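First the proteins, then the strands, lettered A, B, ... as listed; each starts at 1. From a predicted model like this one, the values you see are computed outputs, not experimental measurements.
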There are 2 protein chains.
Amino acid sequence: MDRKEQILEIATELIQTRGYTAFSYQDLSDRLGITKASIHHHFPSKANLGFAVAERYSTAVTASLAEVKQNTDDPWEQLDGYVGQILQLIKTRDRICAAGAVHSEYNVVPESMSDAMARLAKHIIAWLTDVLEVGRREGMMDFPGKPEHQAALVFAAAQGAMQFGRAHGAVKARQIMDQIKESLKAA
Amino acid sequence: MDRKEQILEIATELIQTRGYTAFSYQDLSDRLGITKASIHHHFPSKANLGFAVAERYSTAVTASLAEVKQNTDDPWEQLDGYVGQILQLIKTRDRICAAGAVHSEYNVVPESMSDAMARLAKHIIAWLTDVLEVGRREGMMDFPGKPEHQAALVFAAAQGAMQFGRAHGAVKARQIMDQIKESLKAA
DNA sequence: TGCACTCTACCAACTAGTAGGCAGGCTGTC
DNA sequence: GACAGCCTGCCTACTAGTTGGTAGAGTGCA
């Protein structure tokens, strides 16, 4: 892993654990053992770094969701794939989804970053929409109204669950995700 | 309204629109037309102010939820009362629930503040639990599993919806809240 | 030798905060 | 009624620390 990737990896973690506003180049410097000026060499501004983090994260999440669909056609397993990733973040690493973190700080992060994360959110919801659509069509899932609305609900619940899990424990986040899965089971 | 209340009111708004980390005493000073030192007279530290905001907000939300239950025994109207408050925040004032904002910044806000907001979250969930329990018992609502789990889901979805609505428009937040209400309708 | 990467040294701006002083209003005493 | 003292709330002036950032120099490697 080269230096640029290292910076992006640590910055992603800091955004997921502290948020964009609360992390600094000094934090990165402390973690990597190089000076702030060296980091500026790779990412000349914080906004530039934030955008790079958003793009990289989006690419990674998009790829991992695509992999879930490659591994199984079963909508329940696909949904479990998504939920598993969510719970993994909160349980083992006290992180929340970077898209949710940025949505929360939407008014204060650079626009390039918030736009990139808004696009990722749309992509995730489209992915979930497809899962739910197939699930209902095959009689394996049940929910009222449009699939894209239910997908947005699943996404919003996931973001809320991660944040709630921070304060109240990962078990609570799991309960919330289990609850929405239960509510999707066909009668 | 005396000066202390004015400070708390503006600080609440700033936390709801920008988050705790991203607002400063200078912002308050600019808004109120008094110096930072004057604000320090009332609230000697930012942590102290943050805690006072959390306490005041909790009291207000608790009171407004109690009022909803005073105004109607109907669980659907009660749920609408809660959802209405959520949507009012995002639609007219680009605010999110301060509890959700603090959950998102959980790792970086003062502990006194995060504890206070965690207690508020528990209170809201208990309130929702009661609504859902009564709703199901009376055959007016339907959902799987325990009422407290469904209440936690409603709460998480609401937090997620507000944040999502920031990026994608208040209409999207409304769609999410409508979707979860639809899913609670008895078959 | 040139380039990528790192460093030192520095900057302006901003942050949360401190200390002492001023002004106005209220209360008590003479 | 006048005056002094106290209190609340505000001010000026200042602090140490941190932030994101700049400019130029040094180092190692292909």
For B:Ser112 and B:Asp115, what are the C-alpha separation, side-chain angles and deciding distance, and is it a side-chain hydrogen bond (donor to acceptor under 3.5 Å, both in side chains)?
CA-CA 5 Å; B:Ser112 58; B:Asp115 285 348; over 6 Å; no
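In this model, the phosphate group of D:dC11 is approached by a side-chain N or O of B:Thr35 to a distance below 4.0 Å at OP1 or OP2.
Within a 6.0 Å sphere centred on NZ of B:Lys172, other residues, nucleotides and ligands contribute 12 heavy atoms or fewer.
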Contact letters for nucleotides 18-26 of chain D, in which S counts primed atoms plus P, OP1 and OP2 and B counts the base, heavy atoms under 4.0 Å
-SBBBB---
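In this model, no donor atom of one side chain and acceptor atom of the other lie less than 3.5 Å apart for A:Gln78 and A:Thr72. When only modelled atom types and interatomic distance are considered, A:Gln163 and A:Arg166 share no side-chain donor-acceptor pair under 3.5 Å. One side chain, B:Asp30 or B:Gln26, offers a donor N or O that lies under 3.5 Å from an acceptor on the other. Looking only at atom types and distance, the side chain of A:Ser38 has a donor-acceptor partner in the side chain of A:Thr35 under 3.5 Å away.
For the side-chain hydrogen bond (donor to acceptor under 3.5 Å, both in side chains) test, no residue two or more places apart in sequence or in another chain qualifies with B:Ser183.
The hydrophobic cluster containing A:Leu8 also contains A:Val61, counting ILVMFWY residues as joined when their side-chain heavy atoms lie under 4.5 angstrom apart, directly or transitively.
Once you apply a 4.0 Å limit to the heavy atoms of chain A, the touched nucleotides of DNA chain C run 5' to 3' over C:dC5 to C:dT8.
When the C1' atom of D:dG9 is taken as reference, atom CD1 of B:Ile34 falls 9 Å away, rounded to whole Å.
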